[in-house]
Peer 1: 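If you scroll down you'll find the structure; I have some questions about it.
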Amino acid sequence: MESLAVNIVPFPHPSFLNSKLPINREKGFFHCWPCKERSSSSSPHNPTRLNCHKMFVPGFGEASPEAKAAKNLHNFFNYIAVKIVSAQLESYNPEAYEELMEFLDTHSLNDGDEFCASLMRESSRHKALALRILEVRSAYCKRDFEWDNLKRLAFKMVDESNTKLMREYVLETSPATENEAGK
């Protein structure tokens, strides 16, 4: 994997940061990054360079951003599994479909594991529905979800959103006339 080299330029302490952060004013703001400094080419004319493979994300003490995204996807897969199972039941087992819909009316799908645990303990018929949901959740995650498409779409959405927001900002702040902006 190609490493990212960052030139360190001393900046004053940003006002929006808590003053208790470990800022060394001589080295600049970014000295606290968990990166390795390269010592070979450091000189007054060539600023210190850092080799970082990942960005440091503060404020995720109990889990990484990826772990939080995985938890959200886990709950989303449960939601998808419930949708798939309910669609299947609607066509071939209307009684079980009604039971699942009644259960959904009183239980949230926000936490997929909690939902399935409650469903399992409701009755033996509900237990069978919960096991089916778990089976579909696993199969969908492992075989049907298009992980490459997720990555492509996420990159595309971020790029398009950034471009749109920057374009809107420039149009709002530039002294262009309405005729020039429409071109």
Side-chain angles (χ1 to χ4, degrees), residues 1-4 6 16-18 21 30 32-36 51-173 181-182:
M1 179 177 196
E2 188 175 311
S3 67
L4 172 69
V6 178
F16 60 86
L17 291 176
N18 183 345
L21 288 176
F30 299 107
C32 56
W33 280 14
C35 303
K36 297 178 183 175
N51 289 326
C52 298
H53 298 288
K54 300 284 183 179
M55 286 187 201
F56 172 69
V57 183
F60 280 87
E62 75 283 356
S64 68
E66 293 81 5
K68 291 205 179 226
K71 180 160 180 48
N72 286 322
L73 277 172
H74 174 75
N75 291 324
F76 181 68
F77 291 143
N78 198 75
Y79 169 80
I80 295 296
V82 168
K83 296 294 264 182
I84 291 169
V85 170
S86 65
Q88 293 169 346
L89 292 173
E90 188 175 25
S91 64
Y92 76 84
N93 190 343
E95 186 178 325
Y97 171 78
E98 285 301 319
E99 288 178 354
L100 181 57
M101 291 301 108
E102 287 173 11
F103 190 82
L104 278 167
D105 287 341
T106 59
H107 294 80
S108 171
L109 271 171
N110 289 339
D111 184 330
D113 288 344
E114 184 179 314
F115 176 84
C116 287
S118 298
L119 186 60
M120 280 183 194
R121 287 161 180 79
E122 189 77 11
S123 72
S124 60
R125 289 178 54 87
H126 287 85
K127 177 182 171 187
L129 290 173
L131 293 174
R132 178 70 182 139
I133 290 168
L134 295 177
E135 179 183 7
V136 170
R137 175 171 84 174
S138 180
Y140 184 80
C141 173
K142 292 176 183 174
R143 293 194 295 265
D144 289 351
F145 189 76
E146 298 179 12
W147 293 98
D148 293 338
N149 197 26
L150 169 69
K151 185 176 180 179
R152 184 187 60 77
L153 289 172
F155 287 174
K156 181 180 177 187
M157 288 173 69
V158 167
D159 289 344
E160 287 176 355
S161 178
N162 287 353
T163 301
K164 178 184 175 242
L165 291 169
M166 289 185 286
R167 183 178 293 124
E168 288 172 356
Y169 177 77
V170 167
L171 289 174
E172 287 175 14
T173 58

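Any value given below was found using the heavy atoms of this structure, including those in side chains, with hydrogens, waters and symmetry copies removed. All residue numbers refer to positions in the sequence shown, counting from 1.
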Peer 1: Going by salt bridge (charged side-chain N to carboxylate O under 4.0 Å, His left out), name the pairs with one or both residues in residues 93-104, residues two or more places apart or in two chains.
Peer 2: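 Listed once each, the pairs are Glu95-Arg125, Glu99-Arg125.
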
Peer 1: So, taking the atom named CE in Met101 and the one named CD in Glu90, what distance separates them when rounded to the nearest 0.5 Å?
Peer 2: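 It comes to 7.5 Å.
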
Peer 1: Can you sort out the partners of Lys68 under salt bridge (charged side-chain N to carboxylate O under 4.0 Å, His left out), two or more places apart, ordered by chain and number?
Peer 2: Glu62

Peer 1: So which heavy atom on Val85 is nearest to which on Arg132, and how close?
Peer 2: CG2-CG, 3.7 Å

Peer 1: With side-chain contact (heavy atoms from CB on, under 4.5 Å) as the criterion, how do Asn75 and Asn110 come out once you've worked through the C-alpha distance, each side chain's angles and the decisive distance to 0.1 Å?
Peer 2: CA-CA 7 Å; Asn75 291 324; Asn110 289 339; over 6 Å; no

Peer 1: Between Ala96 and Leu89, which heavy-atom pair has the shortest distance, and what is it?
Peer 2: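 Smallest interatomic distance, heavy atoms only, reads CB-CD2, 3.9 Å.
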
Peer 1: For Asn162, look at atom CG and say whether over 12 heavy atoms of other residues, nucleotides or ligands are found less than 6.0 Å away.
Peer 2: yes

Peer 1: Return the minimal non-hydrogen interatomic distance between Leu134 and Cys116, and the atom names on each side.
Peer 2: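 For Leu134 and Cys116, the tightest heavy-atom pair comes out as CD2-SG, 3.8 Å.
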
Peer 1: Does Met157 CE have over 12 foreign heavy atoms under 6.0 Å away?
Peer 2: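 Check fails, neighbour count at 12 or below.
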
Peer 1: Would you say CZ of Phe145 has more than 12 non-hydrogen atoms from neighbouring residues, nucleotides or ligands within 6.0 angstrom?
Peer 2: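 More than 12 within 6.0 Å, yes.
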
Peer 1: Please report the interatomic distance NZ(Lys156) to CG(Asn149), rounded to the nearest 0.5 Å.
Peer 2: 9.5 Å

Peer 1: Could you tell me which non-hydrogen atom of Arg137 sits nearest to which non-hydrogen atom of Ala81, and how far apart they are?
Peer 2: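 Taking every non-hydrogen atom into account, N-CB, 3.6 Å.
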
Peer 1: Going from CG on Asn93 to OG on Ser86, what distance comes out if it is rounded to the nearest 0.5 angstrom?
Peer 2: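 It comes to 12.5 Å.
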
Peer 1: Are Asp144 and Ile80 close enough, and set up right, to give a side-chain contact (heavy atoms from CB on, under 4.5 Å), and what steps lead you there?
Peer 2: CA-CA 11 Å; Asp144 289 351; Ile80 295 296; over 6 Å; no

Peer 1: For a quick test of reading the model, state the closest non-hydrogen atom pair linking Leu100 to Ile133 and the distance between them.
Peer 2: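 Nearest pair, atom of Leu100 first, then Ile133: CD1-CD1, 4.3 Å.
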
Peer 1: Can you sort out the partners of Lys164 under salt bridge (charged side-chain N to carboxylate O under 4.0 Å, His left out), two or more places apart, ordered by chain and number?
Peer 2: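 For Lys164 the salt bridge (charged side-chain N to carboxylate O under 4.0 Å, His left out) partners, ignoring immediate neighbours, are Glu168.
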
Peer 1: Using a cut-off of 6.0 Å, state whether more than 12 heavy atoms not belonging to Glu114 lie near its atom CD.
Peer 2: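 Open.
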
Peer 1: Holding to salt bridge (charged side-chain N to carboxylate O under 4.0 Å, His left out), I want the full list of residues that pass it with Asp111, two or more places apart in sequence or in another chain.
Peer 2: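 Asp111 satisfies salt bridge (charged side-chain N to carboxylate O under 4.0 Å, His left out) with no other residue.
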
Peer 1: For residues 149-170, pull every pair meeting ring-ring contact (aromatic ring centres under 6.0 Å, His included), keeping only residues two or more places apart or in separate chains.
Peer 2: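 Checked against ring-ring contact (aromatic ring centres under 6.0 Å, His included) - neighbours excluded - no pair reaches residues 149-170.
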
Peer 1: Answer yes or no: is there a donor N or O on one side and an acceptor on the other, between the side chain of Trp147 and the main chain of Cys141, under 3.5 Å?
Peer 2: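 Yes, Trp147 side chain to Cys141 backbone: donor-acceptor pair under 3.5 Å.
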
Peer 1: Once ring pair (Phe, Tyr, Trp, His ring centres under 6.0 Å) is applied, do any residues pair with Phe115, and if so which ones, sequence neighbours excluded?
Peer 2: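 With sequence neighbours excluded, Phe115 shows a ring pair (Phe, Tyr, Trp, His ring centres under 6.0 Å) to Phe103, given in chain and number order.
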
Peer 1: What closest approach, in Å, do Lys127 and Met120 show between heavy atoms, and which atom pair accounts for it?
Peer 2: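 Between these two residues, the closest heavy atoms are CB-O, 3.7 Å.
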
